[in-house]
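The residues of the chain are indexed from 1 along the displayed sequence. These figures come from a predicted structure and were not determined experimentally.
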Amino acid sequence: MLQRVGVKTLDDLYAEIPESIRFKGDYDLPEAMSEIEIRNFFEKINKGNKLMTCFAGAGVYDHYTPSIVPKLLQRSEFLTSYTPYQAEISQGTLHYIFEYQSIMTRLTGMDISNASMYDGTTATAEAVLMANAAAKKADTVLVSATVDDKTRAVIDTYAHFQGINIVTIDEKDGVTDTACLDTLLDKGNVAGVVVQQPNKFGIVENYEGFADRCHSKKALFIMNSIIADLALLKTPGELGADIAVGEAQSLGIPMSFGGPYIGYMCCTEKLMRKIPGRIVGETKDNRGQRAFVLTLQAREQHIRRQKATSNICSNQGLMALFVTIYSSVMGKEGLKEAAQLSYAGAHYLCDQLLATGRFTLAYNQPFFNEFCVKFNGNVDELQKKLADNGILGGVKVADDVIMFAVTENRTKEEIDRLVELCK
């Protein structure tokens with residue numbers, strides 16, 4: 001290679017780099033290893049990981065993944081190029097994206113789904129940009145204080161560089177304060193309103209009438225939801241939402257130390273041309289057979305940059321395929337059953353913790369599979385005790401408050417053991 005580029009030594013190759021900034025030491029790199037040595041090396045590291053029974057949530061949940069999902073995920077029909085520009089050689093990719101969109105619209109009750117977003121936080125921030133673009137003149141978006149703090153932080157980052165004014169709607173007793181919402185809407189200049197279901201405390205809020213409040217002031221109603229919970233809860237479509245966004249990790253994707261996950265975004269047909277990403281449509285080929293094509297691409301690679309709603313350049317293809325297979329395998333009743341088991345488990349755990357006398361409900365509100373309780377002791381010490389016994393004991397949300405989550409993966413025996421350790 002040196003001969004090819006016309007130099008004799010490596011020192012000649014790097015001659016233009018000043019001596020003062022050159023690294024003079026030895027590189028801290030391990031010696032080369034054979035395949036079996038590498039396998040043993042990583043196996044030794046893996047044994048250092050402590051697997052724990054997870055009762056933590058706050059946006060990421062330990063759901064069961066049917067064994068068939070990772071097997072089908074590797075099928076060559078689907079693992080084609082991630083950007084399906086040439087429809088004739090990308091039918092596998094286009095097919096599963098079409099099915100993914102269909103599943104998302106059914107779960108959310110919306111007209112249109114894109115495919116797809118990086119995660120639930122960026123999807124929500126993109127919805128804020130959508131609302132701002134649709135409003136044209138209004139530059140304020142209201143965000144409920146009950147929206148997850150991680151999501152709010154990403155919204156603030158996106159909005160800052162787009163000149164969008166983000167205003168917080170107060171919370172009262174753990175839910176969105178409707179009086180505050182009405183006051184802020186009456187001030188005008190509002191492009192959209194963002195709420196979360198269930199909210200960051202695990203509470204199921206009553207959003208009946210919110211869409212009418214927003215629409216009367218020409219603002220869009222945006223709902224962020226954990227997608228698996230919509231198998232039982234009222235959908236954003238039923239509640240009149242204009243944009244439905246959130247995290248789809250709950251559809252069987254392993255927690256994987258924090259990712260990769262997948263954000264979903266759905267909207268009404270009216271907003272179809274404002275949605276970022278891509279939409280796959282169904283058609284027929286010249287032989288009359290069912291075929292799939294890219295129908296709409298409102299991103300900067302395909303249209304004039306200044307007209308683009310977003311420069312999202314990945315459709316998270318592998319994760320979209322994952323949740324498509326999971327949802328197909330589970331089916332409508334399977335998704336409902338998993339949600340019901342999660343709901344029942346959380347309420348059983350809550351009742352048992354309250355019965356110990358060491359916990360009280362932080363909010364007297366309905367909840368789904370996650371809830372906040374006040375602990376009349378040292379929260380840090382309790383969580384360390386649980387961790388020492390192999391249990392990831394919830395998420396600390398205040399000095400004296402823990403938020404516990406339960407999924408269909410948790411057994412009665414595991415719940416009872418957690419309660420026993422809390423006594």
Side-chain angles (χ1 to χ4, degrees), residues 59 100-117 119-132 134-135 141-144 146-148 151-152 155 169 175-176 178 181 185 190-200 202-251 262-272 274-277 279 323 327 332 335-336 339 343 366-370:
Y100 165 84
Q101 293 170 179
S102 302
I103 290 165
M104 291 298 140
T105 54
R106 288 175 186 171
L107 282 170
T108 60
M110 305 298 288
D111 300 326
I112 304 292
S113 169
N114 74 355
S116 51
M117 312 301 288
D119 56 24
T121 59
T122 53
T124 312
E126 290 281 353
V128 168
L129 301 191
M130 270 182 72
N132 182 65
V141 173
L142 310 180
V143 180
S144 174
T146 63
V147 168
D148 188 284
T151 302
R152 174 59 189 266
I155 289 173
I169 309 166
V175 298
T176 308
T178 53
L181 170 62
L185 282 171
V190 177
V193 174
V194 183
V195 298
Q196 183 173 316
Q197 182 77 308
N199 71 24
K200 70 178 184 181
I203 294 168
V204 178
E205 294 200 38
N206 180 8
Y207 291 123
E208 295 285 353
F210 271 58
D212 292 337
R213 281 183 163 96
C214 295
H215 296 158
S216 67
K217 303 296 181 181
K218 294 183 168 48
L220 296 182
F221 182 41
I222 301 166
M223 277 189 67
N224 173 303
S225 305
I226 297 297
I227 194 75
D229 297 354
L230 297 181
L232 290 182
L233 295 175
K234 273 195 171 184
T235 66
E238 288 175 298
L239 291 167
D242 300 286
I243 307 172
V245 289
E247 179 58 61
Q249 178 271 335
S250 57
L251 294 180
I262 177 172
Y264 69 89
M265 175 179 274
C266 302
C267 66
T268 59
E269 189 173 351
K270 183 180 178 182
L271 293 169
M272 181 168 62
K274 297 291 184 183
I275 199 168
I279 296 174
V323 300
S327 302
K332 186 177 179 180
L335 291 174
K336 282 184 177 180
Y343 175 91
F367 62 88
F368 196 76
N369 70 315
E370 200 164 19

Shortest non-hydrogen contact from [X] toward [Y]:
X	Y	answer
M110	T268	CE-N, 3.8 Å
A248	I227	CA-CG2, 3.5 Å
A219	V190	CB-O, 3.5 Å
D111	T105	O-CG2, 3.7 Å
V141	A191	CG2-CB, 4.3 Å
V245	A123	CG1-O, 3.6 Å

Mind checking the [atom1]-[atom2] spacing from [X] to [Y]? Nearest 0.5 Å is all I need.
X	Y	atom1	atom2	result
Y264	N224	OH	CG	6.0 Å
T124	I222	OG1	CD1	8.5 Å
K217	D212	NZ	CG	13.0 Å
M117	E126	CE	CD	4.0 Å

Report yes if some heavy atom in the side chain of [X] is under 4.5 Å from a heavy atom in the side chain of [Y]; otherwise report no.
X	Y	result
P236	C266	no
F210	T176	yes
L107	S225	no
V323	I103	no
Q196	S144	no
L251	L335	yes
L220	L271	yes
I262	Y100	yes

Verify the neighbour count for atom CZ of R213: are there more than 12 heavy atoms of other residues, nucleotides or ligands below 6.0 Å?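 Atom CZ in R213 is crowded, with more than 12 foreign heavy atoms closer than 6.0 Å.
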Enclosure of Y343 OH (heavy-atom neighbours >12, cutoff 6.0 Å):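 At most 12 heavy atoms, drawn from other residues, nucleotides or ligands, come within 6.0 Å of this atom.
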With sequence neighbours left out, write down each residue that passes salt bridge (Lys or Arg N to Asp or Glu O under 4.0 Å) with K270, or none if nothing qualifies.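 Testing K270 for salt bridge (Lys or Arg N to Asp or Glu O under 4.0 Å), a comparison that skips the adjacent residues, returns none.
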So, [X] side chain and [Y] main chain: donor-acceptor pair closer than 3.5 Å or not?
X	Y	answer
S250	I226	no
Q101	A115	no
D148	K200	no
E370	G202	no

Given K332 and R106, is the side-chain contact (heavy atoms from CB on, under 4.5 Å) satisfied, shown in steps? CA-CA 10 Å; K332 186 177 179 180; R106 288 175 186 171; over 6 Å; no
Would K234 and Q197 count as a side-chain contact (heavy atoms from CB on, under 4.5 Å) if you check the C-alpha gap in whole Å, the side-chain angles of each, and the deciding distance to 0.1 Å? CA-CA 10 Å; K234 273 195 171 184; Q197 182 77 308; over 6 Å; no
Do we see a donor-acceptor contact under 3.5 Å between the side chains of T146 and E205?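 Yes, because at least one side-chain N or O of T146 sits under 3.5 Å from a partner of the opposite role on E205.
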